[in-house]
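Values reported hereafter were calculated over all heavy atoms of this structure, with side chains retained and with hydrogens, waters and symmetry mates removed.
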Amino acid sequence: MGVPDYILRMREHVGHELLWLPSVSAVVRDDAGALLLGRRADDGRWSVVSGFVEPGEQPATAVVREVEEETGLVVEPIRLSSVVSHPHTYPNGDRCEYLNLGFHCRLLSGTARVNDDESVAVEWFPPDRLPELDAHARLVIARALGTDPGTWYLPAGTTWDEFDDAGRSVR
């Protein structure tokens, strides 16, 4: 689907300036335990399937929609595993700060394939052989697959640089 119209309209007014946006990410495994990742069309990096929460849309609905739009798979969110904000600058200079809700999702049906223009590849990876991922993707995966049943978030008064990729304090 690409960038929603309402964000394109905002960009007409603010240019590349920072936008604060709600987003969702999905951690999906197949029956063998492999993780679903997509190679982003904008920067060529591998990542968990992620996307915007549309106005009026519930986050759980958004994560199901994003996975189906980008990969053709149908999933069910089973747990909200992380809530964090993180910055992102796109290759064209657009800057965003995402409030991201990370969901652990169960695969219901479908065959993984590139299903829109946001990804150039979609693949399953064994958890011990993941490609290079950014800090946010590593954290979302670690929290979704971890043993803590709660939802992880950065404690009040802390910043990204105080935690490792799994969300453990480094101070």
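The distance from the CG atom of Asn100 to the CZ atom of Phe103 is 9.0 Å, given to the nearest 0.5 Å. Glu68 CD to Asp116 CG: the interatomic distance, rounded to the nearest 0.5 Å, is 11.5 Å. Once rounded to the nearest 0.5 Å, the distance linking OG of Ser50 with CD of Glu70 reads 7.5 Å. To the nearest 0.5 angstrom, Cys96 atom SG is 5.5 Å from Leu19 atom CG. The structure places OG1 of Thr151 at 7.0 Å from CZ of Arg79, a figure rounded to the nearest 0.5 Å. The CG atom of Leu133 sits 5.5 Å away from atom CG of Leu37, with the distance rounded to the nearest 0.5 Å.
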Could you list the donor-acceptor pairs under 3.5 angstrom formed between side-chain atoms of residues 56-63 and any protein atom two or more places apart in sequence or on another chain?
| residue | atom | partner | partner atom | Å |
| --- | --- | --- | --- | --- |
| Glu57 | OE1 | Glu54 | N | 2.9 |
| Glu57 | OE1 | Arg65 | NH2 | 2.9 |
| Glu57 | OE2 | Arg65 | NE | 2.7 |

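In this structure, a donor-acceptor pair under 3.5 Å is absent between the side chains of Thr71 and Asn115.
Considering only heavy atoms from C-beta on, Arg106 stays 4.5 Å or farther from Arg29 through its side chain. Counting heavy atoms from C-beta on, the side chains of Tyr90 and Arg40 come closer than 4.5 Å. Contact of the Phe52 side chain with the Ile7 side chain is registered, since non-hydrogen atoms from C-beta on lie closer than 4.5 Å. Residues Leu99 and Val83 meet the side-chain proximity criterion, which asks for heavy atoms closer than 4.5 Å. At a threshold of 4.5 Å between non-hydrogen side-chain atoms, the residues Leu36 and Glu123 do not count as touching. Two residues are said to be in side-chain contact when any heavy atoms from C-beta on lie closer than 4.5 Å; Leu154 and Thr159 fail this criterion. Counting heavy atoms from C-beta on, the side chains of Leu139 and Val84 come closer than 4.5 Å. Between Asp94 and Arg11 the shortest side-chain heavy-atom distance falls below 4.5 Å.
Under the 4.5 Å side-chain contact rule for hydrophobic residues, Trp124 and Val114 share a cluster. Under the 4.5 Å side-chain heavy-atom criterion for grouping Ile, Leu, Val, Met, Phe, Trp and Tyr, Leu21 is connected to Leu8 within one hydrophobic cluster. Placement of Leu145 and Leu130 within a single hydrophobic cluster is found when ILVMFWY residues are connected by side-chain heavy-atom separations under 4.5 Å, directly or transitively. Residues Val24 and Val64 are members of one and the same hydrophobic cluster, defined by side-chain heavy-atom contacts under 4.5 angstrom among Ile, Leu, Val, Met, Phe, Trp and Tyr.
For Asp31, the CG atom sits in a loose shell: 12 or fewer heavy atoms of surrounding residues, nucleotides or ligands are nearer than 6.0 Å. Counted within 6.0 Å of OH on Tyr153, heavy atoms from surrounding residues, nucleotides or ligands total 12 or fewer; the atom is thus considered open.
Residue Asp148 comes nearest to Arg143 through the heavy atom pair OD2-NH2, 3.7 Å, listed as atom of the first residue, atom of the second, then distance. For Ala26 against Val67, the heavy-atom pair with the smallest separation is CB-CG2, 3.5 Å. Closest of all the heavy-atom pairs between Val122 and Ala112 is CG1-CB, 3.8 Å. When all heavy atoms are compared, the tightest approach of Cys105 to Pro77 is SG-CA, 3.9 Å.
Of the options Val48, Asp30, Val28, Ile141, a side-chain contact (heavy atoms from CB on, under 4.5 Å) to Leu35 is made by Ile141 and by none of the others.
In this view, Arg95 and Glu17 satisfy the salt bridge (Lys or Arg N to Asp or Glu O under 4.0 Å) rule, not counting sequence neighbours. For the salt bridge (Lys or Arg N to Asp or Glu O under 4.0 Å) test, residues two or more places apart in sequence or in another chain that qualify with Arg168 are Asp164.
Checked by atom type and distance alone, the side chain of Arg39 never pairs as donor or acceptor with a backbone atom of Val120 at under 3.5 Å. No donor-acceptor pair under 3.5 Å is formed between the side chain of Ser169 and the backbone N or O of Phe163. Between the Ser82 side chain and the Val140 main chain, no donor and acceptor come within less than 3.5 Å of each other.
Taking the centre of each ring, Trp20 and Tyr98 stay at or above the 6.0 Å mark.
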Verdict with supporting geometry, Asp134 and Arg45, salt bridge (Lys or Arg N to Asp or Glu O under 4.0 Å)
CA-CA 8 Å; Asp134 68 20; Arg45 297 187 60 134; 5.2 Å; no
Can you check side chain to side chain contact (heavy atoms under 4.5 Å, CB included) on Glu97 and His88, steps first, answer last?
CA-CA 6 Å; Glu97 177 85 16; His88 186 80; over 6 Å; no
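Ring geometry for His136 versus His86: interplanar angle under 30°, hence parallel rather than tilted (30 to 60°).
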